[in-house]
Amino acid sequence: MSKLRHIALSVNDPWEAAKFYEKAFDMERVGETRSELADGVYLSDGVINMALLRYKTDEMAGEDRGKDYVGLHHIGFWIDDLDETHKRIENAGGHHFMGSVPEGENVFYEVKYRDPNGIIFDVTENGWGGAEKDSAPPNATRED
């Protein structure tokens, strides 16, 4: 089973962008990063994690976009089995872009792929901070 649980936006100032989403949509700040890849803020609505990232190099952002790109950068799926998902992605026409599972227990990771249109997406078996893999019981109905 796969669940969309992560959206990443490339922005000029992650902290200013976070203020907007916190104020406009009551999103909660669940983390920050200052890594070789990017600086950023992680927000959550309780189900989905949203990363607001400022990439440090064109290579890390994806050279087709570059570090100065602003907009939707990638999405992420919380999966059950990385090997099975990898096979399904390749059989559907996608390909590995970057990343692998690091050694050790309880380590956060994302493996990045591109779909046949070049769109970047992540997969992980560990999820994202503030995200919930199963937000509603199966067959639950929503009353509006």
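Counting begins at 1 with the first residue of the sequence. Values in this document were obtained by computation on a predicted structure and should not be read as measured data.
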ask   = Under the 3.5 angstrom rule, does the side chain of W78 hit a backbone N or O of V123 as a donor-acceptor pair?
value = no
Side chain to side chain donor-acceptor pair (under 3.5 Å) filter on Y113, not counting sequence neighbours, yields H86
Under 3.5 Å: donor-acceptor pair, side chain of S10, backbone of Y69: yes
Hits for side chain to side chain donor-acceptor pair (under 3.5 Å) against E28, two or more places apart or cross-chain, chain-then-number order -> none
Under the salt bridge (charged side-chain N to carboxylate O under 4.0 Å, His left out) rule, what do K56 and E36 come out as? Steps first, then yes or no, please. CA-CA 7 Å; K56 294 185 176 178; E36 292 180 19; over 6 Å; no
Mark yes when over 12 heavy atoms from residues, nucleotides or ligands other than E59 sit less than 6.0 Å from its CD; otherwise mark no.
no
Separation between CG (D122) and NZ (K112), nearest 0.5 Å, reads 3.5 Å
- prompt: Does R54 use its side chain to pair, donor to acceptor, with the backbone of N12 at less than 3.5 Å?
  reply: yes
Next item on the list: Consider only side-chain heavy atoms of I, L, V, M, F, W and Y, link residues closer than 4.5 Å, and tell whether M98 and I79 are in one cluster.
Entry: no
Apart from L37 itself, its cluster of hydrophobic side chains linked below 4.5 Å comprises V30, Y42, L53, Y55, M60
CG of D80 to OG1 of T85, rounded to nearest 0.5 Å, is 7.5 Å
Exercise for review: Give the intermediate values and the outcome of side-chain contact (heavy atoms from CB on, under 4.5 Å) for residues V111 and L82.
Suggested key: CA-CA 9 Å; V111 180; L82 183 62; 4.2 Å; yes
Same apolar cluster (I L V M F W Y, side chains within < 4.5 Å links), F97/V101: no
In short, ring pair (Phe, Tyr, Trp, His ring centres under 6.0 Å) pairs touching residues 2-35 with sequence neighbours left out are H6-H74, H6-W128
Note: A17 and L52 closest approach over all heavy atoms is C-CD1, 3.7 Å
E90 bridged to R88 by N-O distance under 4.0 Å
no
As a quick check of understanding, evaluate salt bridge (charged side-chain N to carboxylate O under 4.0 Å, His left out) for E16 and K19, giving each step before the final call. CA-CA 5 Å; E16 283 302 311; K19 288 178 189 175; 3.0 Å; yes
query = Could you walk me through whether M27 and M50 pass the side-chain contact (heavy atoms from CB on, under 4.5 Å) check?
reply = CA-CA 9 Å; M27 295 192 80; M50 182 167 70; 3.7 Å; yes
With sequence neighbours left out, the residues meeting side chain to side chain donor-acceptor pair (under 3.5 Å) with K67 are none
**Message:** Go through it in stages, so that I can follow the logic: the residues are L9 and H73, the test is side-chain contact (heavy atoms from CB on, under 4.5 Å), and I'd like the CA-CA distance, side-chain angles, deciding distance and then a yes or no.
**Reply:** CA-CA 5 Å; L9 304 178; H73 189 271; over 6 Å; no
Taking every heavy atom of F121 against every heavy atom of D115, the minimum-distance pair comes out as CE2-N, 3.6 Å
D64 meets the side chain to side chain donor-acceptor pair (under 3.5 Å) criterion, sequence neighbours left out, with R114
**Message:** I'd like to know if the side chain of R5 reaches the main chain of A131, judged simply by a donor and an acceptor atom lying under 3.5 Å from each other, with no hydrogens or angles considered.
**Reply:** no
Taking every heavy atom of N126 against every heavy atom of T124, the minimum-distance pair comes out as N-OG1, 3.1 Å
Here the pair of heavy atoms bringing I120 nearest to R65 is CD1-NH1, 2.9 Å
**Asked** Does a side-chain heavy-atom distance below 4.5 Å link K3 with D134?
**Response** yes
Hey, quick one: are V70 and I7 part of the same hydrophobic cluster, counting side-chain heavy atoms closer than 4.5 Å, chains of contacts allowed?
no
Tightest non-hydrogen contact, residues V47 and D45, listed as N-OD1, 2.8 Å
Nearest heavy-atom approach of A92 to P116 is O-CG, 3.9 Å
